[in-house]
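Every number for a ligand or one of its atoms is a count from 1 in the order of the listing. In this text, all values refer to a predicted model and were calculated from it rather than measured experimentally.
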Amino acid sequence: MTNQIQRRAVLAGAAALAVVAFDPKSRSWITEAHAKPHGGGISIPGLDGELTLDPAAIAEAADDFGHIISRTPIAVLRPGSAEDIKKMVKYANKHHLKVAMRGQGHATYGQAQVSGGVVIDSRTLATIHDIDCDRAVVEAGVTWNELVAAAIPEGLTPPVLTDYLDLSVGGTLSNGGIGGATHQKGVQLDNVIELEVVTGEGKLVTCSRHHKRRLFEAVLGGLGQYGIITRATVKLEPAHDSARIYRLFYADIDQYVADQAFLAQDGRFDYLEGQVQPNGAGGFQYMVEAAVWFTSPDEPNDADALDGLSFDSSTVEDQGYEQWLRRLEPTIAFLKAIGVWGFPHPWIDLFIPASEAANVASLALASVPPDTQDPILFYPFVKNRLKPSLFMVPDEPVIFLFDILRTAPPIPGVPEALVDLNRSIYDAAAAVGSKRYPSAASPSMSRIGRTITAISGARSRI
Ligand SMILES: Cc1cc2nc3c(=O)[nH]c(=O)nc-3n(C[C@H](O)[C@H](O)[C@H](O)COP(=O)(O)OP(=O)(O)OC[C@H]3O[C@@H](n4cnc5c(N)ncnc54)[C@H](O)[C@@H]3O)c2cc1C
């Protein structure tokens, strides 16, 4: 078969799976291949993209990075425009169909899935419309990786970046988007200037802190429940060319927490994260990972950076700024190559008030094998850097993120048992005022399995 014939066959196959109408009696779709000449069913509105029944698209939308929950949609919309999403939400409202927006599918507990409904795959909305000196206008399906690749050659960077960049802008703005700059600049959703949103009524509106503010603040951190982000204007700032990275090691958790809380408020570092690591002797050590951005020859002063801290040992290293942003790429390529990236991920992600951080972390660590290879993140940020949104954090000036990024063997029952463990850790943490990051597999009853019920009109009146 020539390439041309193969391509024609693929296109004909795709067209056969493209939906043209909905039969409300049987609650099933009519595809182009089965459409009767005189019509039948209720035609779907004309789309710039397509609504597909392609089994591969449906299987992908019924899964996510967690590989624990699977809910099968009845169709996937690949929007060609924001108008397509608007039309589909209106259509779904009229015919009582559920809708869920999906970014890169990196949530771990079915957050972007919908049983028997329509998943909207934002990956076809991936245009960077504009990069200006202090902002970028991007469609919701653009990844932070793509934005970094476009902004750095202009000497610019998003102020706050997640550790892993292959997440969609719409996805992290619906969750929070936390990273090493959060202690200084809030989460990614605090660095949004304007959003274009499809509301539950199927209206396409722009909103900001100055215009339709309640909608803006409900969509940011709203997990797609209060509106679908189709486009975002996000802040950019001048980028330095280098990063000096300080790693400070502690044996004592209380000393670690005290120094981290001090650093978060002191603000001497541009980046502040930290991890719990096996110490090789059956226990754990604690590592501050901090960085100062600089442009040569203006190097940071190491004595100033480390002044007043009580660590046991330290290392210092310089990297290019973009190299630092992309630091996880080699590890992820390796995990993909050995197949482990596709294993279940029963992650737990908590936000703990600083006063309880050592207690809750110690309790959670009691359930972790001391030779674990799962990354355990443990670092602080400051509440007064956050702006109003649905990103939920404890009520204390300093808050610690605590994540166990578990990879489970794909053995039936094992991931589920770890989700149950997550739940019991979450319950203990919540009892002392902690909150959870909603993309995790540490379900709280109030947020389990919430999918948009065609983002009902009542919600969209916000
Ligand atoms: C390897 C890895 C590293 C990570 N590192 C970080 C990190 O450093 N910091 C951090 O904060 N998070 C991190 N996360 C978590 C990540 O932010 C969330 O998983 C987020 O959901 C990923 O975005 P996504 O595009 O995959 O969204 P999806 O998982 O596809 O969607 C997540 C939620 O957002 C909603 N949603 C998606 N797009 C839109 C939209 N356009 N409008 C409205 N709602 C929408 C979905 O309905 C769903 O509820 C990481 C995840 C992974 C897998």
Practice task
May I ask you to identify, for Asp163, whether its side chain, its backbone, both or neither come under 4.0 Å of ligand 1 on a heavy-atom basis?
Solution key: both

Exercise for the section: Under 4.0 Å, heavy atoms only, figure out whether ligand 1 is touched by the backbone of Ser122, its side chain, both or neither. Expected result: neither

Practice task
Check each heavy atom of Ser168 against ligand 1 and say whether those closer than 4.0 Å belong to the side chain, the backbone, both or neither.
Solution key: both

Practice task
Please verify whether a non-hydrogen atom of Trp341 lies at under 4.0 Å from ligand 1.
Solution key: yes

Problem - Per-residue contact class, Trp144 against ligand 1 - non-hydrogen pairs under 4.0 Å - result: neither

Practice task
State which residues pass side-chain hydrogen bond (donor to acceptor under 3.5 Å, both in side chains) with Lys86; sequence neighbours excluded, sorted by chain then number.
Solution key: none

Exercise for the section: Give a yes/no on ligand 1: does Asn175 have at least one heavy atom closer than 4.0 angstrom to it? Expected result: yes

Problem - Listed partners of Gln319 passing side chain to side chain contact (heavy atoms under 4.5 Å, CB included), at least two apart - result: Ile245, Glu317, Gln323, Trp324

Problem - Gly141 to ligand 1, any heavy atom closer than 4.0 Å - result: no

Exercise for the section: Any atoms of ligand 1 less than 4.0 Å from a non-hydrogen atom of Gly227? List them with their elements. Expected result: 43 (C)

Problem - Heavy-atom donor-acceptor pair, Gln260 side chain to Pro380 backbone, under 3.5 Å - result: no

Exercise for the section: Kindly state whether the ring of His345 and the ring of Phe65 have centres lying under 6.0 angstrom apart. Expected result: yes

Handout entry: Ligand-residue contact atoms, ligand 1 with Ser439, heavy atoms, under 4.0 Å
Key = 15 (C), 18 (C), 19 (O)

Practice task
Check whether more than 12 heavy atoms from other residues, nucleotides or ligands sit under 6.0 Å from atom NZ of Lys383, and answer yes or no.
Solution key: yes

Problem - Ring centers of Phe378, Phe402 separated by less than 6.0 Å - result: yes

Practice task
Run the numbers for me: atoms of ligand 1, each under 4.0 Å from some heavy atom of Arg102, listed by number.
Solution key: 30 (O)

Exercise for the section: Assess Gly179 for proximity to ligand 1: is some non-hydrogen atom of it under 4.0 Å away? Expected result: no

